[in-house]
There are 2 protein chains.
Amino acid sequence: MTQKVTIHDVAQQAQVSVGSVSRALNNYPHVSEELRSRVMAAALELDYQPAFLANGLRRGQTNSVGFLVGTIANPVISTIFEAASEALSDHGYAVTLLSSRNQAQLDVACLRLLARRQVSGLIVSSAAESPEPARRYVGELGIPTVMLDREATSDELVYAVQSDHESSMRQALAHLISRGHREIAFIGGPEDFYPTRQRCLAYQAALLDADLPQRPELIRFTSFNERAAYAEALLLLQSGTQPSALIVAGNIILAGALMALQDLGLVVGRDIALVACDDINLTRLYRPPITAIRRDLKLLGVTAARLLLRGMQVELNEIERIIKLPTELVLRESTQYARALPHKAPAARKEGAIRTTLN
Amino acid sequence: MTQKVTIHDVAQQAQVSVGSVSRALNNYPHVSEELRSRVMAAALELDYQPAFLANGLRRGQTNSVGFLVGTIANPVISTIFEAASEALSDHGYAVTLLSSRNQAQLDVACLRLLARRQVSGLIVSSAAESPEPARRYVGELGIPTVMLDREATSDELVYAVQSDHESSMRQALAHLISRGHREIAFIGGPEDFYPTRQRCLAYQAALLDADLPQRPELIRFTSFNERAAYAEALLLLQSGTQPSALIVAGNIILAGALMALQDLGLVVGRDIALVACDDINLTRLYRPPITAIRRDLKLLGVTAARLLLRGMQVELNEIERIIKLPTELVLRESTQYARALPHKAPAARKEGAIRTTLN
DNA sequence: CGCTAGCCTGAAATCGTTTTCCGCGCCAGA
DNA sequence: TCTGGCGCGGAAAACGATTTCAGGCTAGCG
């Protein structure tokens, strides 16, 4: 009923052959103006829309890209996805989103599924604990792929967009150190998860630069799971060396850490300084507002989409295969007080307004 | 290179015809065990995967469903989506996600696009300001569709899963009234947005039940935009009648309202009681924790997926076309203090721990 | 022993496009 | 006048599967 009108109907309506209809509608050269307009009129009248499947079968291509994530229920991922999806959509590509549920074996299964569906391109931002098999499989696939804030591979057709986690992390540590903190703890995701590793390396490098001791017991890795992060934070905060500052890498981990702090009766900004590694509603609106490392998520998504588009169309004239985008440290009250200073009253209202400003 | 192995290769390898290969692999009856195993072996050896496009063209169906949202960058939507997507994925369906960017005209365009791609089913949870054209178009499409927390239509093949916004909203009002509040304000999304309307009707009904006056100036509608919500909340709070309690319908609006409260120096739970209409990280972790109406988002998503699956397979034996799922009021500190009581110290740590417990 | 019913399988039609191939007419140049 | 080239458009192949159709074989029954 809905999709009954085929190219044959249009051909009959316009009194031409199906081949001519196809040529006319696809803007081929050597089609007379008269025939073209006749076909256009017929197509318009019948509300003809070429069948996607037949088109794709013949052309060997689907005009759709697969997007693989560990979970979409994460404000950072979903914001990036939305931006990328809109950019791709503007170029006629539809996006099928697959979630690997943060499981490595599903990772590869999802990629297989997408390959079977003959997606024209892939964006991969999965967060499996052992990403290696998936990365290797992506290389074998021969499909243009953008690794999104993940480690690049040397395979042809595999591109990468990354955030510059290092520089802002070093800024964050410089900031904390300047405020007198020396026991600065770090809680990240899995140790081999790319952003976590980058942040952790920068954290260690910054300590080294400041001639501060590396304390292994202050570095904790956990999985992307609020309960696990909560437990790890609790362990850290109840261990012998009580840190005076805490850096949490990732918003799920932030949630767990905040719960641990609250359960221990530690007040953020007074008893302990807190830096978060992504700027989300929670960091802006929390009382006190939480210092965070911000990146332009929409830019990240759009850049991934553009890189993929370039990779999918053949006109790729000497394009960068790996792009690294800047990040920014946003100072807020959670790191405002210097160490060992007594708790002061919150800042005046006006200042508060500025700090919690939109964006 | 990747997808070169076709059914002909398998047929040649197994020394049978292509028709037999198809029958063997699709578990047709009347296929000898010997032939079946021979084909299986050949398929396995060649790593044959039937071409999705050819299969779909012949069968006239894609095994994929379209999911239309206003924006996926919303923790409530993305959680629902993920649950639905996983359930559909478990049954062999892939989901292509389209965002209408909260624009009505894009709404219809997105649906057209999905229809052209011959999706086998649709889940619609768009949030355009004027949803009517889209709803009508969905009915004309003749594709099994689930309206997700949106108004149902009387069209055949159109189903609906909704949350029972009314009962919890009435509970919330009863709770606030029992604490002495009489000037209870309501800020919602667009007036014709289904959840907003349901909540607002319940709000008004509850006031009526309690013999409290309806004050039109305490009911505000805004759009799904943090800035707009912020502005509207500011207007409300600075108008003549200062409400002692505030109900915000939706998490984007919550963010705007919290900013307005903070900018006015109003402390949640002390100067004003606050009830949020979706329980997200922010409501749990905010200080003080915010009383919220909770619903099982995963159940919502899974139910939508199951309803759609039933609608897509022909075996629909007298199934409910509209399902309404329960909601629940979660009491937290933001509504703990009775009106006009002086500000007391926060609850003891232990109690706090219980209140911010996971789930 | 012959006929039929039923299982099994190969050949071919089919899905709706795109694209190749070919032929027709026309015009210009020899 | 013949011919080669070019613009145009029709016919049919191709894409890769599923499904129909028909026929061969076996077994069972008269």
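Quick caveat, the model's predicted, so the values are computed rather than measured.
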Who passes side chain to side chain contact (heavy atoms under 4.5 Å, CB included) against [X], sequence neighbours left out?
X       : value
A/Pro75 : A/Asn251, A/Ile280
A/Ala83 : A/Lys298, A/Val302
A/Glu33 : A/Arg36
A/Ser37 : none

Tell me, please, which residues at least two apart from [X] pass side chain to side chain donor-acceptor pair (under 3.5 Å).
X        : value
A/Thr79  : none
A/Arg136 : none
A/Ser17  : A/Ser20

Quiz prompt | Residue closer to the 5' end of DNA chain C, A/Val18 versus B/Ala54 (nearest nucleotide) | solution =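 Going by which nucleotide is closer to the 5' end, it is B/Ala54.
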Distance in angstrom units between [X] [atom1] and [N] [atom2], rounded:
X        : N      : atom1 : atom2 : result
B/Leu57  : D/dG16 : CG    : P     : 12 Å
A/Gln61  : D/dC15 : CD    : C1'   : 14 Å
B/His8   : C/dA11 : NE2   : P     : 11 Å
A/Asn63  : C/dT18 : CG    : C1'   : 14 Å
A/Phe52  : C/dT18 : CZ    : P     : 13 Å
A/Gln118 : D/dA17 : CD    : P     : 9 Å
A/Asn55  : D/dG16 : CG    : P     : 15 Å
B/Arg59  : C/dG16 : CZ    : C1'   : 18 Å

Quiz item: Side-chain donor or acceptor of A/Arg58 under 3.5 Å from a matching atom on the base of C/dT17?
Solution: no
Quiz item: Taking the side chain of A/Ala51 as its heavy atoms from C-beta onward, which of C/dG16, C/dG10, D/dT18 lies nearest to it?
Solution: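 From the listed options, C/dG16 comes nearest.
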Practice problem: Go through residues 19-40 of chain A and report each residue with a non-hydrogen atom lying under 4.0 Å from DNA chain C, sorted by number. | Solution: A/Gly19, A/Ser22, A/Arg23, A/Asn26, A/Tyr28
Practice problem: Using a cut-off of 6.0 Å, state whether more than 12 heavy atoms not belonging to A/Glu86 lie near its atom CD. | Solution: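 Yes - once you tally the heavy atoms of other residues, nucleotides and ligands closer than 6.0 Å, there are more than 12.
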Practice problem: Report yes or no: do B/Gln13 and B/Glu45 form a side-chain donor-acceptor pair below 3.5 Å? | Solution: yes
Exercise. Note down the inter-axis angle between the two ends of the helix from C/dC1-D/dG30 to C/dA30-D/dT1, five pairs each, to the nearest 10°.
Key: 70°
